[in-house]
Participant: 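Could you have a look at this structure, given as structure tokens, before my questions?
Residue numbering restarts at 1 for every chain, and letters A, B, ... go by the order of the sequence lines.
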Amino acid sequence: MSSRNYILQALRNAQNNAPELQHPGSFDQAVLFDDPVEQFIESVQVVAGTPVICADLKECAQQIEKHELFREANILCNLEPNWNFSASQKGSGKEWMEVNEQDDPHSFEKVDLCIMQGQFGVAENGAIWIDSRFVAQQAVLFLTQHLILTVPRQEIVQNMHQAYARLSFDSAYYGCFIAGPSKTADIEQALVIGAHGPRSLTVYLIG
Amino acid sequence: MTEATIQSNHPQQAEAFLSNMKRAHWHDQALWFVREKRDKAALGVKEWEALREHASRIKTYTLSKLPTYLEQFETEANKRGIQVHWAKDGEEHNRIIHEILSKHNVQRVVKSKSMLTEECHLNDYLIEKGMDVIDTDLGERIVQLANEPPSHIVLPAIHKNRHEVGELFHEKLNTPKGESDPTRLTHAARGHLREKFIAADAGITGVNFAIASTGGFVVCTNEGNADLGTALPPLHIAAMGLEKLVPTPEDLSVFLRLLARSATGQPVTSYTSHFLGPRPGSEMHVVIVDNGRTGHYAQNEFRRSLSCIRCGACLNTCPVYRRSGGYSYGYTIPGPIGINLAPHRSLEKYHTLPFASSLCGSCSNVCPVKINLHEQILLWRQKLYNAGVVSPAKRLILGGMGKMFTFPGVYTLGGNVFRGVMSLLPVGVIAKLTGAWGKQRDLPPIPKESFRQQFQKMKGHE
Ligand code: SF4
């Protein structure tokens with residue numbers, strides 16, 4: 001017998017006509033926040049991210065261009081579909097990589113800053129959803145030294161229950177809730193930012 | 001050190017751990033600190049208890065239909081281009097993984113944390129076959145460099161202080177002598193491991209949750225090592241215990257709210273990564289592993305411990321774990337959950353473990369999926385007693401107390417006698433009775449009345 005059938009058979013034998021159990025259904029006792037956006041901003045800080053509030057996309061782009069991380073970055077990636085930084089930054093000596101044109105994920109090894117639009121944010125924990133429909137090579141999000149995510153204000157959900165209600169995994173091969181920068185506390189429980197992935201996460205909340 | 005070479009004898013190992021009191025105290029405090037963070041996070045979620053109850057019910061339900069959900073997962077995963085393999089035991093798990101790696105001419109493997117691959121001793125197996133296997137979780141890398149197994153399921157290097165890590169890194173990674181700053185040490189490891197990520201031919205991860213209705217699986221990390229390790233090389237293999245299923249993504253939301261809060265007090269891990277299929281040009285494999293789980297599953301009274309989501313909260317809260325250290329258990333998974341899993345592998349070999357508990361019930365109280373851990377420990381004691389596995393010496397020492405903690409009815413009754421006797425006995429004798437971990441601290445003064453008696457009295461006053 002194959003191991004597959006052996007395992008399934010062993011489990012079936014062990015079920016021995018136990019009474020049918022019911023799935024408890026959706027969780028409907030979540031206490032909601034009065035102001036999910038405010039809670040989101042607080043949660044981003046709890047997970048060691050830096051929230052920035054912007055009136056609109058234009059202001060956001062201006063702020064990013066003034067940001068120290070941006071000014072100091074030599075190699076950048078832009079996955080925010082609404083902007084064309086490279087045009088405004090022509091002649092600045094910065095190198096812009098087109099993420100979705102690279103076949104080899106290793107090519108992102110030297111990226112200093114990556115900017116990406118998150119799909120939505122979660123108030124209870126500061127997590128932001130991204131998936132492979134918008135970034136073909138997820139490696140760039142982890143190889144980059146610093147990460148900036150933008151999230152529209154109206155795209156903040158209360159909690160993980162609402163988050164999964166929005167998700168279908170139909171056309172993605174990878175998706176991730178990103179909450180803060182890469183971190184670890186494996187040496188004596190001391191929190192250290194920048195374990196393997198980004199050394200910082202800045203979240204621009206727009207609108 | 002592997003499972004096979006460690007003699008599981010908890011009292012003896014605990015005594016060794018406690019021979020350095022200062023260090024034992026430090027270990028105790030470090031874990032209590034994590035436990036307190038968990039409490040704060042749990043209090044921050046008003047519906048916490050309802051959430052635990054819900055999670056427990058989803059798990060119990062899923063287990064009741066496990067074979068059906070496993071088949072559904074396989075079908076859906078296949079549709080996504082994920083190749084699914086089945087392994088009866090650790091041996092087969094290792095062989096399957098090695099075969100896939102060989103087929104791809106893999107030399108260098110990067111791994112993220114997986115207690116299952118620890119359980120199967122995959123690293124040793126692959127290294128013996130000539131492959132280079134690097135654990136990339138910082139804590140796991142530390143213990144790998146020190147040639148030790150993890151001493152905790154979430155915090156693998158919790159037993160090491162910064163100076164020891166500094167020494168180790170100085171020796172292995174060339175950090176400056178005497179460097180013990182956690183930030184600088186972590187960043188040194190970052191540089192070292194980044195080279196390994198870039199050079200890797202394949203990435204191996206564990207599985208936190210596999211989703212039956214959609215296929216695909218979730219891995220939670222703070223460091224992003226599971227993502228880096230799988231986003232670069234063209235091959236990803238995930239090792240999965242057969243109990244890791246949830247029916248739908250909606251169910252996942254319940255567990256993800258509980259996991260990180262219970263583990264470290266974070267509202268969520270930095271990365272909750274959903275692996276839903278191979279990247280274009282790459283391959284993705286899942287190995288579903290039994291290794292004793294079907295036998296465990298068949299024992300109804302113990303089945304609930306298969307609901308474990310490996311948060312580590314029961315370790316952090318356990319007075320015995322905190323004061324005896326992860327290695328004292330001699331099993332891959334220590335603490336209250338380890339006590340409940342190890343005897344399924346060998347009751348004989350792990351017979352001292354069910355006694356490595358004060359039965360205080362704190363583990364059951366913090367468990368996010370409400371496993372009745374301390375009750376199951378009591379059941380194991382009964383089994384041991386009935387099977388006559390308890391060593392003659394242990395029987396002698398335990399005497400009446402063994403029976404008391406073995407049979408719940410006697411427990412209540414015996415409490416009265418116990419309080420009387422314990423307050424008369426010298427500390428050393430109490431330590432003997434309770435196992436070496438009792439030595440570190442004197443027991444709190446024994447109350448003249450039990451909680452139950454006090455409670456009754458208070459009720460009477462109302
Ligand atoms: S038994 Fe419960 S508390 Fe212990 S590790 Fe598993 S889920 Fe966490």
Side-chain angles (χ1 to χ4, degrees), chain A residues 2-4 6-8 10-15 18 21-24 26-27 29-31 43 46-47 103 105-106 109 124-127 137-139 142-143 159-161 163-165 167 169 172-190 192 194-197, chain B residues 30 33 46-47 50-51 54 57-58 60-61 64 66-67 70 86-88 92 138-139 142 155 157 161-162 165 182-183 185-187 190 193 198 214 216 222-225 227-228 231-232 242 247 249-250 252-254 256-257 267-268 270-279 290 294 297-298:
Chain A
S2 70
S3 293
R4 174 186 186 278
Y6 166 87
I7 290 168
L8 291 171
L11 293 174
R12 292 223 151 86
N13 291 344
Q15 284 181 314
L21 292 178
Q22 288 302 312
H23 187 283
S26 304
F27 185 75
Q29 295 177 64
V31 178
S43 295
V46 169
V47 297
D103 289 332
H106 296 84
E109 194 189 341
E124 71 161 313
N125 56 22
Q137 296 284 2
Q138 68 262 30
F142 298 90
L143 286 170
N159 51 38
M160 293 302 268
H161 312 298
Y164 278 97
L167 290 173
F169 301 146
Y173 45 83
Y174 173 83
C176 192
F177 283 110
I178 298 182
S182 159
K183 49 190 176 270
T184 183
D186 273 346
I187 302 176
E188 264 197 34
Q189 286 301 296
V192 179
H196 300 298
Chain B
F33 173 64
K46 294 194 184 71
E47 62 274 27
L51 207 54
H54 204 83
R57 287 179 59 194
I58 294 174
T60 312
Y61 163 80
S64 78
L66 192 56
L70 280 167
W86 303 72
K88 245 191 299 215
E92 192 177 8
L138 178 61
I142 291 170
L155 318 160
N161 66 35
R162 63 184 70 196
V165 176
T183 302
L185 292 174
T186 300
H187 289 157
R190 174 189 170 100
L193 285 165
I198 296 285
T214 62
N222 278 321
E223 300 181 5
N225 54 321
D227 302 278
L228 260 184
L232 290 166
L242 54 77
E250 186 185 20
L252 206 49
S253 68
V254 174
L256 290 173
R257 296 189 71 194
V268 68
S270 301
Y271 304 106
T272 305
S273 311
H274 297 55
F275 295 100
L276 306 169
R279 258 180 300 124
D290 177 349
T294 49
Y297 183 85

Participant: Heavy-atom distances under 4.5 Å only: say whether Val254(B) touches chain A with side chain, backbone, both or neither.
Facilitator: both
Participant: Please examine the side chains of Ile198(B) and Leu143(A), heavy atoms only from C-beta on, and report whether any two atoms are closer than 4.5 Å.
Facilitator: yes
Participant: Does any heavy atom of chain A fall under 4.5 Å from the side chain of Thr183(B), the backbone, both, or neither of them?
Facilitator: both
Participant: So for Val31(A), is it side chain, backbone, both, or neither that comes closer than 4.5 Å to the heavy atoms of chain B?
Facilitator: both
Participant: Could you report the tightest heavy-atom contact between Gln138(A) and Ala231(B), atom names first, then the distance?
Facilitator: CG-CB, 3.7 Å
Participant: In terms of heavy-atom proximity below 4.5 Å to chain B, should Phe142(A) be classed as side chain, backbone, both, or neither?
Facilitator: both
Participant: Once you round to the nearest 0.5 Å, how far does CD1 of Ile58(B) lie from CG of Leu21(A)?
Facilitator: 13.0 Å
Participant: Could you tell me whether a side-chain N or O of His23(A) sits under 3.5 Å from a main-chain N or O of Tyr61(B), the two making a donor and an acceptor?
Facilitator: no
Participant: Could you check whether any side-chain N or O of Ser273(B) sits under 3.5 Å from a backbone N or O of Cys176(A), counting only pairs where one atom can act as donor and the other as acceptor?
Facilitator: no
Participant: Pick one of side chain, backbone, both or neither for Ala165(A), based on which atoms fall under 4.5 Å of a heavy atom in chain B.
Facilitator: neither
Participant: Which one, Leu242(B), Leu228(B), Asp227(B), Asn161(B), leads in non-hydrogen pairs under 4.5 Å with chain A?
Facilitator: Asp227(B)
Participant: I want to check something: taking the side chain as every heavy atom from C-beta on, are Thr294(B) and Asn13(A) in contact at a cut-off of under 4.5 Å?
Facilitator: no
Participant: Given that the side chain runs from C-beta out, which part of Ala163(A) has a heavy atom under 4.5 Å from chain B: side chain, backbone, both or neither?
Facilitator: neither
Participant: Report the distance from atom OH of Tyr271(B) to atom NZ of Lys183(A), rounding to the nearest 0.5 Å.
Facilitator: 7.5 Å
Participant: Is Leu70(B) close to Leu11(A) at the side-chain level, that is, under 4.5 Å between some pair of heavy atoms?
Facilitator: yes
Participant: Please rank Thr60(B), Thr214(B), Leu185(B), Leu138(B) by heavy-atom pairs under 4.5 Å with chain A and give me the top one.
Facilitator: Leu138(B)
Participant: Rounded to the nearest 0.5 Å, how far apart are OH of Tyr173(A) and CZ of Arg279(B)?
Facilitator: 8.0 Å
Participant: Let me know if Phe27(A) has heavy atoms under 4.5 Å from chain B in its side chain, its backbone, both or neither.
Facilitator: both
Participant: Look only at the side chain of Glu223(B) and the backbone of Gly197(A), and say whether a donor-acceptor pair between them is shorter than 3.5 Å.
Facilitator: no
Participant: Compare all side-chain heavy atoms of Val165(B) with those of Asp186(A) and state whether any distance is below 4.5 angstrom.
Facilitator: no
Participant: Hey, does Leu155(B) have a side-chain heavy atom less than 4.5 Å from the side chain of Gln189(A)?
Facilitator: yes
Participant: Quick one: which of Leu167(A), Val47(A), Leu8(A), Asp103(A) has the most heavy-atom pairs under 4.5 Å with chain B, could you say?
Facilitator: Leu8(A)
Participant: Of all of Pro267(B), Ser270(B), Ala30(B), Gly277(B), which one pairs up most often with chain A through heavy atoms under 4.5 Å apart?
Facilitator: Ser270(B)
Participant: Tell me, for Ala87(B) versus chain A, whether the close heavy atoms (under 4.5 Å) come from the side chain, the backbone, both or neither.
Facilitator: backbone
Participant: Please answer whether the main-chain N or O of Arg162(B) pairs with a side-chain N or O of Glu188(A) as donor and acceptor at a distance below 3.5 Å.
Facilitator: yes
Participant: For Ser3(A) and Lys88(B), which heavy atoms make the closest approach, and how far apart are they?
Facilitator: OG-CE, 3.8 Å
Participant: Using 0.5 Å steps for rounding, measure from the NE2 atom of His106(A) to the CG atom of Leu232(B).
Facilitator: 4.5 Å
Participant: Does any backbone or side-chain atom of Pro247(B) lie under 4.5 Å from a heavy atom of chain A? Answer side chain, backbone, both or neither.
Facilitator: side chain
Participant: Side chain, backbone, both or neither: which part of Leu51(B) has an atom under 4.5 Å from a heavy atom of chain A?
Facilitator: both
Participant: Check Leu193(B) against His196(A) and note the closest heavy-atom contact, atom names and distance.
Facilitator: CD1-CE1, 3.3 Å
Participant: Taking Ala10(A), Gly126(A), Ala172(A), Ala185(A) one by one, which has the highest count of heavy-atom pairs under 4.5 Å against chain B?
Facilitator: Ala172(A)
Participant: Given the options Gly139(B), Gly224(B), Ala157(B), which has more heavy-atom pairs under 4.5 Å with chain A than any of the others?
Facilitator: Gly139(B)
Participant: Could you check if a side-chain atom of Pro249(B) sits within less than 4.5 angstrom of a side-chain atom of Phe169(A), using non-hydrogen atoms only?
Facilitator: yes
Participant: State, to 0.1 Å, how close Arg257(B) and Ala30(A) come at their nearest heavy-atom pair, and which atoms those are.
Facilitator: NH1-CB, 4.0 Å
Participant: What's the spacing between Asp290(B) CG and Arg4(A) CZ if we round to 0.5 Å?
Facilitator: 14.0 Å
Participant: Is Ser26(A) in contact with chain B via its backbone, its side chain, both, or neither, using a 4.5 Å heavy-atom distance?
Facilitator: both
Participant: Decide yes or no for Phe177(A) and Val268(B): does some side-chain heavy atom of the first lie under 4.5 Å from some side-chain heavy atom of the second?
Facilitator: no
Participant: Measuring from Ser253(B):OG to Glu124(A):CD, what's the distance to the nearest 0.5 Å?
Facilitator: 9.0 Å
Participant: Are Phe275(B) and Tyr174(A) close enough that their ring centres sit under 6.0 Å apart?
Facilitator: yes
Participant: Taking all non-hydrogen atoms of both residues, which atom of Ala50(B) and which atom of Gln29(A) are closest, and how far apart?
Facilitator: CB-OE1, 3.4 Å
Participant: Using non-hydrogen atoms only, which part of Leu256(B) is less than 4.5 Å away from chain A: side chain, backbone, both, or neither?
Facilitator: side chain
Participant: Most heavy-atom pairs under 4.5 angstrom with chain B, which of Pro24(A), Pro105(A), Pro181(A)?
Facilitator: Pro24(A)
